[in-house]
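Below is one structure, written out as structure tokens; the observations come after it.
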Amino acid sequence: MSKAKKSPKVQYGIEITKPWSKEMYDHNDMVSEEIKSNILKAWESALDELFNGYSKQTYMESDWNFIKEDTKLVKLQKGICYSGFGDGFTIGDVDKEFRNEVENMPNYQLHESYSYLAFEGMLPRTSFMLIGFEWEKFDYHVIGSQELTSPVVEKDIVNA
């Protein structure tokens, strides 16, 4: 008896395949840019909220331990960076490491981290989610966007 072939999974008009298709990579590259931008905006906003009225140079030279654990800034840092920071690190040191981590984070880790932080209400929903990953804590795309077609697919249709 032969097994029935599963119907392919499709997200945002893109068939999910293994190995990944060019459309999947292009879509994820587009979404990861939005995710990285949202993370950095939240980081900069948390810095501004915490140090409102101080010069950037002044607070960047301050000790990281000066910041309380329950602040949005520390929660974002812990949600993104692979390690914590203690004595001897300045806010500028942590800022540099945070930005480097966001810039170089692989998409699977962006997907997971963003899902957790969006679930906690620390990051906004995105237009689309990264695709091709097995697990997320929270569907972090805008409600209803699962019915939309990725701009990557629409671009391919126009160029055909």
Side-chain angles (χ1 to χ4, degrees), residues 1-51 56 60 67 70-85 91-160:
M1 181 161 89
S2 67
K3 290 185 178 183
K5 186 176 180 181
K6 281 198 230 177
S7 59
K9 182 177 179 181
V10 176
Q11 286 181 281
Y12 309 122
I14 300 170
E15 183 177 342
I16 307 304
T17 61
K18 289 186 181 177
W20 287 12
S21 67
K22 180 180 179 338
E23 280 182 331
M24 289 176 69
Y25 281 112
D26 290 347
H27 172 84
N28 283 349
D29 287 346
M30 176 194 72
V31 174
S32 72
E33 289 305 313
E34 180 183 3
I35 285 174
K36 289 176 182 182
S37 174
N38 287 348
I39 292 169
L40 291 175
K41 283 178 190 171
W43 177 256
E44 289 163 4
S45 173
L47 277 171
D48 290 344
E49 284 174 27
L50 201 58
F51 297 102
K56 186 172 185 172
M60 285 300 189
I67 303 171
D70 64 344
T71 62
K72 184 176 182 180
L73 192 68
V74 172
K75 289 177 182 177
L76 280 170
Q77 179 271 313
K78 288 182 175 182
I80 297 297
C81 293
Y82 61 93
S83 67
F85 297 90
I91 294 168
D93 295 334
V94 177
D95 179 67
K96 183 178 177 183
E97 184 61 32
F98 183 90
R99 291 171 188 278
N100 183 54
E101 195 71 23
V102 170
E103 181 62 33
N104 295 305
M105 189 177 279
N107 282 349
Y108 77 89
Q109 192 177 359
L110 268 176
H111 175 71
E112 212 170 273
S113 296
Y114 201 91
S115 179
Y116 272 110
L117 292 168
F119 177 78
E120 295 295 327
M122 299 184 71
L123 296 172
R125 290 179 177 266
T126 56
S127 303
F128 298 96
M129 287 178 49
L130 293 168
I131 59 174
F133 301 104
E134 300 294 324
W135 183 90
E136 65 271 343
K137 170 114 178 131
F138 176 71
D139 285 352
Y140 51 85
H141 58 166
V142 174
I143 306 231
S145 70
Q146 67 270 20
E147 304 300 323
L148 299 176
T149 301
S150 173
V152 170
V153 174
E154 293 171 356
K155 184 181 83 177
D156 287 346
I157 290 171
V158 169
N159 292 335

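Just so you know, these numbers come straight off a predicted model, no measurement behind them. Counting from 1, the numbers follow the sequence of the chain as shown.
Checked by atom type and distance alone, the side chain of His111 never pairs as donor or acceptor with a backbone atom of Ser32 at under 3.5 Å. Counting only distance, with no hydrogens or angles, the side chain of Arg125 and the backbone of Asp139 share a donor-acceptor pair below 3.5 Å. Side chain of Ser145 to main chain of Ser127: a donor-acceptor pair is present (N/O by atom type, distance under 3.5 Å, no hydrogens or angles). Formation of a donor-acceptor pair under 3.5 Å by the Asn104 side chain with backbone atoms of Asn100 is found in this model. Under a 3.5 Å cut-off, the side chain of Gln77 and the backbone N or O of Ser83 do form a donor-acceptor pair. Side-chain atoms of Lys78 never come within 3.5 Å of backbone atoms of Gly84 as a donor-acceptor pair (strictly under, hydrogens ignored).
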Might you work through the side-chain contact (heavy atoms from CB on, under 4.5 Å) test for Ser150 and Met30, ending with a clear yes or no? CA-CA 9 Å; Ser150 173; Met30 176 194 72; 4.0 Å; yes
Output, in order, the C-alpha distance, side-chain angles, deciding distance and verdict of side-chain contact (heavy atoms from CB on, under 4.5 Å) for Thr71 and Glu49. CA-CA 10 Å; Thr71 62; Glu49 284 174 27; over 6 Å; no
Walk me through whether Glu120 and Lys75 qualify under side-chain contact (heavy atoms from CB on, under 4.5 Å). CA-CA 10 Å; Glu120 295 295 327; Lys75 289 177 182 177; over 6 Å; no
For Val31 and Asn107, what are the C-alpha separation, side-chain angles and deciding distance, and is it a side-chain contact (heavy atoms from CB on, under 4.5 Å)? CA-CA 9 Å; Val31 174; Asn107 282 349; over 6 Å; no
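When all heavy atoms of Phe51 and Ile91 are compared, the closest pair comes out as CZ-CD1, 3.2 Å. A pairwise comparison of heavy atoms in Gln11 and Ile16 identifies OE1-CD1, 3.6 Å as the closest pair. Heavy atoms only, all atoms of each residue included: Pro8 and Glu15 are closest at CB-OE2, 3.3 Å. For the pair Ser115 and Phe138, the tightest heavy-atom approach, listed with the atom from each and the gap, is OG-N, 2.7 Å. When every heavy atom of Ile80 is checked against every heavy atom of Leu117, the shortest pair comes out as CD1-CD1, 3.8 Å. Considering all non-hydrogen atoms of both residues, Met24 and Thr17 come closest at SD-N, 3.3 Å.
To the nearest 0.5 Å, atoms CG (Leu73) and CG (Asp95) are separated by 8.5 Å. Taking NZ of Lys36 as the start and CD of Glu103 as the end, the distance is 5.0 Å to the nearest 0.5 Å. Note that the CD atom of Glu34 and the CE atom of Met129 stand 12.0 Å from one another [nearest 0.5 Å]. For the atom pair CD1 of Ile67 and NZ of Lys72, the computed distance is 14.0 Å after rounding to the nearest 0.5 Å. Asn28 contributes atom CG, which lies 11.5 Å from atom CD of Glu33 (distance to the nearest 0.5 angstrom). Considering CH2 of Trp43 and CG of Leu47, their distance stands at 5.5 Å, rounded to 0.5 Å.
By the 4.0 Å N-to-carboxylate-O rule, Glu44 lies close enough to Arg99 to be salt-bridged with it. A salt bridge links Glu134 with Lys18: at least one charged nitrogen is closer than 4.0 Å to a carboxylate oxygen.
Considering Thr149, Ile131, Val152, Val153 in turn, Ile131 is the only one that fulfils the side chain to side chain contact (heavy atoms under 4.5 Å, CB included) rule with Tyr12.
Using cut-offs of 30° and 60° for the angle between ring planes, the Trp20 and Phe133 rings count as perpendicular.
Contact check for Leu130 versus Tyr114: no side-chain heavy atoms found under the 4.5 Å cut-off. Here the side chains of Gln109 and Glu101 are in contact, with some heavy-atom distance below 4.5 Å. With a 4.5 Å cut-off on side-chain heavy atoms, Tyr82 and Glu97 count as touching. Put simply, the side chain of Val102 does not reach to within 4.5 Å of the side chain of Ile35, judged on heavy atoms.
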